[in-house]
Amino acid sequence: MGVTIDKIKEFEEKRADLLTMGGERSVQKQHDRGKLTARERIDLLFDTNTFHEAQLFVEHRSTLFGLDQKEIKADGVVTGFGKVNGRTVFVASQDFTSSGGSLGEMHAKKIWKVMDMAMDARKPFVALNDSGGARIQEGVPSLEGYGGIFYRNTVGSGYIPQITVIMGPTAGGAVYSPALTDFVFMVEETSHMYITGPHVTKAAIGEQVTHEELGGAMAHAKKSGVCHVVAENDEGCLNKVRELLSYLPDSCHSPVPVMECTESPDGECPELDDIIPDRATRSYDMKKIIMAIADNNEMFESHELWAKSIIVAFIRVRGQTVGVVANNPKFTAGVLDYKASDKAARFIRFCDAFNIPILTFADVPGYMPGKEQEWAGIITHGAKILHAYAEATVPKITVVTRKDYGGSYIAMCSKSLGADYIMAWPTAEIAVLGAEGACNILYRREIAGADDPAAKRAELIGAYEKQFNSPYFAANLAIIDEVIAPRETRKRIVALLEAFKDKVETRPPKKKHNNMPL
Ligand code: HXC
C-alpha cells in the first residue's frame with residue numbers, strides 16, 4: 001500500500017512539474033508580450049474541465065548540440081481533446097515557453113498522434129501554433145516531422161474540419177500546415193507568418209520590411225488572403241474559433257449541427273423590399289440581406305477583409321448551418337475578380353465536403369476586366385468558382401437580387417451549374433451584358449449614323465432594357481424558377497432547405513478525383 005502511494009505521489013510530482021512548461025520566467029515573458037500560454041489557451045478553447053491531455057510524458061531523444069542536457073517539458077506541445085460547446089474537438093497547442101515551441105521529432109510525433117486520433121474519431125482538429133519552427137539542433141527529423149503533419153492535413157482534408165490558429169511566429173515551411181487547413185485565424189500584432197522573415201528578405205532581395213508588414217495578421221487578412229479571421233487578442237481569437245466550430249459538423253460523415261430556433265418559418269422581412277436602390281449604379285450592402293435571412297441576424301464571416309466584392313459566411317436558417325456566397329455591390333460593384341473567385345471557390349468546396357447547403361445571392365456586373373486581372377490569371381481563377389459550384393452536390397439555392405450578367409451570371413450558381421432552385425427579385429436584371437454595353441456593341445454603326453445619335457442610343461438601350469432588365473425573360477424560359485418579393489425570401493429559403501434536406505446527387509463513378517484548375 002505504502003509503495004503504491006509513493007508511486008502515485010512521485011507520478012503527481014512529475015506531472016505537476018511537466019505542467020509548469022518553460023518555467024516562471026518564460027511564462028512571464030510570454031504574458032508580457034500579450035500572449036497566453038499553450039495551457040491557458042486550451043482552457044479558453046474548451047468547455048470548463050473537459051480537456052484530457054495525451055502524451056504529456058513524451059521527451060525528445062536528441063543528443064545533438066547540447067540537447068542531451070536540455071529538458072523540454074512535454075517536448076513543447078500540449079496535445080489532447082476536450083469539448084467545445086459540448087462537442088469533442090482534438091487540439092495541438094505549441095508551448096512557446098519551452099524552447100520556443102520548436103518542432104523536433106517527438107514534438108511532431110505528438111501532433112501526428114493527435115491528428116490520427118481526430119481522424120479515427122472523426123472529430124475536428126485545431127492547431128494552436130506558437131513556434132520558432134524546426135528545432136534547429138535536431139536537424140532533418142524536424143523536417144520529416146513537418147512533412148508528416150502536411151501529409152495528415154492533406155489526408156484529413158474534406159474528412160474532418162481543420163482549423164489553425166496562429167498565435168506567435170510561424171516561419172519557413174511551417175506555414176504550409178496552416179495553408180493546408182480549412183481556416184486560418186491570426187491574432188493582431190502577436191502572430192506572424194512568412195516563408196522568409198525580414199532578415200532573409202533583406203539579405204536576399206534587399207527589401208526592408210517589418211515583421212508586421214510582411215506577415216502580420218492584417219497583411220494576411222487584407223492582402224494575401226492566407227488568414228480567414230483576425231482577432232485582437234488570444235482570448236477573442238479562441239472565442240471566434242469556438243463560434244466557427246458551432247457551425248461545423250464533426251466530419252463529412254456527421255450531421256450538420258442544428259441549433260434550437262425560435263423564429264417562425266413564415267417570418268417575412270419587410271425591410272428587404274426597399275433595400276435595392278432606385279438607380280442601378282447605386283450600391284447597397286449585401287450583408288444586410290444576409291443578416292435579414294439569418295436566424296437572430298447572426299453570421300460568421302470568413303475572409304471578411306479580403307476580396308470584399310464577395311462575401312462568404314455561415315449563417316443558420318431555422319437552426320441549420322448554411323454556407324452563403326454573395327456578391328457585395330458595396331465593393332467594386334460586386335465584381336468577380338481573381339481573388340473573389342478563389343475566395344468563393346474554396347468556401348464552396350468546404351461546404352460541399354461537409355454537406356453544408358449553399359445559398360447564393362447574385363448581384364454581379366461581370367468578371368473584372370483589365371491587364372492586371374488577365375495577367376494574374378482571372379481565366380484560371382475564375383474557372384475555380386465554376387468548377388466548385390458544378391462539383392458541389394449539396395442543396396444549392398440561388399437568389400438574384402439585381403444584376404446578373406454574362407459569365408458571372410453562370411458563375412453565381414446558375415441553373416446550368418446545377419442550382420436546385422433559383423429565385424429572382426423583381427429588381428433582377430439577367431442578361432449577357434448591361435444594356436449600354438450591349439447596345440454599344442450591337443448598334444455602333446446605327447448610332448453613329450443616326451440624325452440624333454444620343455436619342456437613337458437611348459431608344460436602343462430602352463428596347464434592350466425592356467427585354468432583359470427584368471427577371472421575366474429568364475422566368476419565361478424556366479432558367480429561373482420563381483420571381484418573389486424580397487420580403488418573402490427567408491420563408492422561401494426555409495421551405496427549400498427543408499424540401500431538399502435529403503437531396504442525393506451522384507456524379508460519374510470510378511473517377512479518382514477532379515482536376516480542379518488550381
Ligand atoms: C530551437 C529555438 C528555435 C528553433 C526558438 N528557439 N526557435 N530552439 N529551434 N527553431 C528557442 C531559443 O533558442 C530560446 O531558447 C527560446 O526558443 C526562445 O527563443 P528567443 O529567441 O529567446 O525568443 P524571441 O526573442 O521571442 O524570438 C523568437 C524567434 C526566434 C523570432 C522565433 O527564436 C527565432 O528567430 N528562432 C529561429 C527561427 C527559425 O529560423 N526557425 C527555423 C525556421 S526553418 P532558450 O533555451 O534560450 O529558452 C523551419 C523550416 C521548417 O522552420 C520547414 C518545414 C517544411
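Remember, it's 1-based here, ligands and their atoms both numbered in the order they're listed. Start at 1 with the first residue, then count along the sequence.
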Visitor: Enumerate the atoms of ligand 1 whose separation from the nearest heavy atom of L143 is less than 4.0 angstrom.
Guide: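 Answer, ordered by atom number: 53 (C).
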Visitor: Hey, is the main chain of V165 close enough, under 3.5 Å, to the side chain of N129 for a donor-acceptor pair?
Guide: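 No.
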Visitor: Could you identify the single nearest non-hydrogen protein atom to atom 54 (C) of ligand 1 and state the distance to 0.1 Å?
Guide: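 Answer, as residue, atom name and distance: Y146 CD1, 3.3 Å.
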Visitor: Ignoring hydrogens and geometry beyond distance, is a side-chain donor-acceptor pair present between T360 and Y389 at under 3.5 Å?
Guide: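 A pair is found: one side chain offers a donor N or O, the other an acceptor, under 3.5 Å apart.
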Visitor: Is there a protein heavy atom at a distance of less than 4.0 Å from atom 49 (C) of ligand 1?
Guide: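 Protein heavy atom within 4.0 Å of atom 49 (C) of ligand 1: present.
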Visitor: Protein heavy atoms near atom 34 (C) of ligand 1, is at least one of them under 4.0 angstrom away?
Guide: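 Within 4.0 Å: no protein heavy atom nearby.
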Visitor: State plainly whether the residues D130 and K35 are in salt-bridge range, i.e. N to O under 4.0 Å.
Guide: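 A salt bridge is present here (some side-chain N lies under 4.0 Å from a carboxylate O).
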Visitor: Can you tell me which residue and heavy atom of the protein come closest to atom 17 (O) of ligand 1, and the distance to 0.1 Å?
Guide: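 Result: G100 N, 3.0 Å.
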Visitor: Does Y176 come within less than 4.0 Å of ligand 1, judged by its heavy atoms?
Guide: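 The answer is no: ligand 1 sits nowhere under 4.0 Å from a heavy atom of Y176.
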Visitor: Would a 4.0 Å cut-off, counted as strictly less than, catch a protein heavy atom around atom 20 (P) of ligand 1?
Guide: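 No, because not a single protein heavy atom sits under 4.0 Å from atom 20 (P) of ligand 1.
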Visitor: Kindly state if atom 12 (C) of ligand 1 has a protein heavy atom within a strict 4.0 Å cut-off, that is, under 4.0 Å?
Guide: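 Under 4.0 Å from atom 12 (C) of ligand 1, zero protein heavy atoms found.
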Visitor: Does a salt bridge link R152 with D116, judged by any charged N lying under 4.0 Å from a carboxylate O?
Guide: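 Salt bridge flag = yes for D116 with R152.
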Visitor: Answer yes or no: is there a side-chain heavy-atom contact under 4.5 Å between W306 and K339?
Guide: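 They are in side-chain contact.
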Visitor: Are side-chain heavy atoms of K384 and R346 found at a separation under 4.5 Å?
Guide: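 In short, these two side chains do not touch, never coming nearer than 4.5 Å.
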Visitor: Using a 4.0 Å cut-off to any heavy atom of F96, which atoms of ligand 1 qualify?
Guide: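 Near F96, the atoms of ligand 1 are 23 (O), 26 (O), 28 (C).
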Visitor: Can you check which of S142, S26, S99, G132 brings a heavy atom nearest to atom 6 (N) of ligand 1?
Guide: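 Answer by nearest heavy atom: S99.
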Visitor: Considering only the protein, which heavy-atom contact is closest to atom 1 (C) of ligand 1, and what is its distance?
Guide: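 Of every protein heavy atom, Q137 OE1, 3.2 Å lies nearest to atom 1 (C) of ligand 1.
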Visitor: So do the side chains of F183 and V241 get within less than 4.5 Å of each other, counting heavy atoms only?
Guide: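 With C-beta onward as the side chain, the pair stays apart.
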Visitor: For atom 26 (O) of ligand 1, is the nearest protein heavy atom closer than 4.0 Å?
Guide: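 Yes, there is one.
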Visitor: Can you check whether G168's main-chain N or O pairs, donor with acceptor, with H192's side chain at less than 3.5 Å?
Guide: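 Here the side-chain-to-backbone pair does not exist.
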Visitor: With no hydrogens and no angle check, just 3.5 Å: does a side-chain donor-acceptor pair link E391 and N514?
Guide: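 Note: E391 and N514 side chains meet the donor-acceptor criterion.
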Visitor: Among all protein heavy atoms in this structure, tell me which lies nearest to atom 8 (N) of ligand 1, with the distance rounded to 0.1 Å.
Guide: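 I find the closest protein heavy atom is S102 OG, 3.8 Å.
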Visitor: Just which atoms of ligand 1 are under 4.0 Å from any heavy atom in R33?
Guide: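 Heavy-atom distances to R33 below 4.0 Å select 24 (P), 25 (O), 26 (O).
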Visitor: Measure the distances from the heavy atoms of K29 to every atom of ligand 1 and state whether one is below 4.0 angstrom.
Guide: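 Heavy atoms of K29 do come under 4.0 Å of ligand 1.
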Visitor: For ligand 1, which atoms, with element, lie under 4.0 Å from some heavy atom of K70?
Guide: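 Atoms satisfying the 4.0 Å criterion: 45 (P), 46 (O).
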Visitor: Can a protein heavy atom be found under 4.0 Å away from atom 30 (C) of ligand 1?
Guide: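 When distances to the protein are checked, atom 30 (C) of ligand 1 has no heavy atom within 4.0 Å.
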Visitor: Give a yes or no on whether the backbone of C413 and the side-chain of K396 come within a donor-acceptor separation of less than 3.5 Å.
Guide: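 It does not hold such a pair.
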Visitor: Looking only at protein heavy atoms, which one is nearest to atom 9 (N) of ligand 1, and how far off is it?
Guide: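 That would be I136 N, 3.1 Å.
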Visitor: Could you list which atoms of ligand 1 come closer than 4.0 Å to a heavy atom of R135?
Guide: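 Here the atoms of ligand 1 in question are 1 (C), 9 (N).
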Visitor: Does E188 CD have over 12 foreign heavy atoms under 6.0 Å away?
Guide: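 Yes, enclosed.
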Visitor: Please tell me if atom 40 (O) of ligand 1 is touched by the protein, where touching means a protein heavy-atom distance below 4.0 Å.
Guide: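 When distances to the protein are checked, atom 40 (O) of ligand 1 has no heavy atom within 4.0 Å.
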Visitor: Need the ligand 1 atom indices (1-based, order shown) with element for anything under 4.0 Å from a heavy-atom of A174.
Guide: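 Listed by number with element, the hits are 51 (C), 54 (C).
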Visitor: Would you kindly check if the NZ (Lys) or CZ (Arg) of K14 is within the cone defined by 45 degrees around the ring axis of F57 and under 6.0 Å from the six-membered ring centre?
Guide: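 No, K14 and F57 do not form such a contact.
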Visitor: Within a strict 4.5 Å, meaning less than it, do heavy atoms of the V187 and E232 side chains meet?
Guide: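 Of all side-chain heavy-atom pairs linking E232 with V187, none is under 4.5 Å.
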Visitor: Out of curiosity, is G172 lining ligand 1, as in a heavy atom under 4.0 Å away?
Guide: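 No, that is not the case, since the closest heavy atom of the residue is not under 4.0 Å from the ligand.
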Visitor: Among all the protein's heavy atoms, is there at least one whose distance to atom 44 (S) of ligand 1 comes out below 4.0 Å?
Guide: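 So atom 44 (S) of ligand 1 lacks protein heavy-atom neighbours under 4.0 Å.
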Visitor: Is the number of heavy atoms from other residues, nucleotides or ligands within 6.0 Å of CZ (R25) greater than 12?
Guide: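 Atom CZ in R25 is not packed in, count stays at 12 or less.
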Visitor: Closest by any non-hydrogen atom to atom 52 (O) of ligand 1: pick that one out of G168, G101, A134, G197.
Guide: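 Considering heavy atoms of G168, G101, A134, G197, the nearest to atom 52 (O) of ligand 1 sits in A134.
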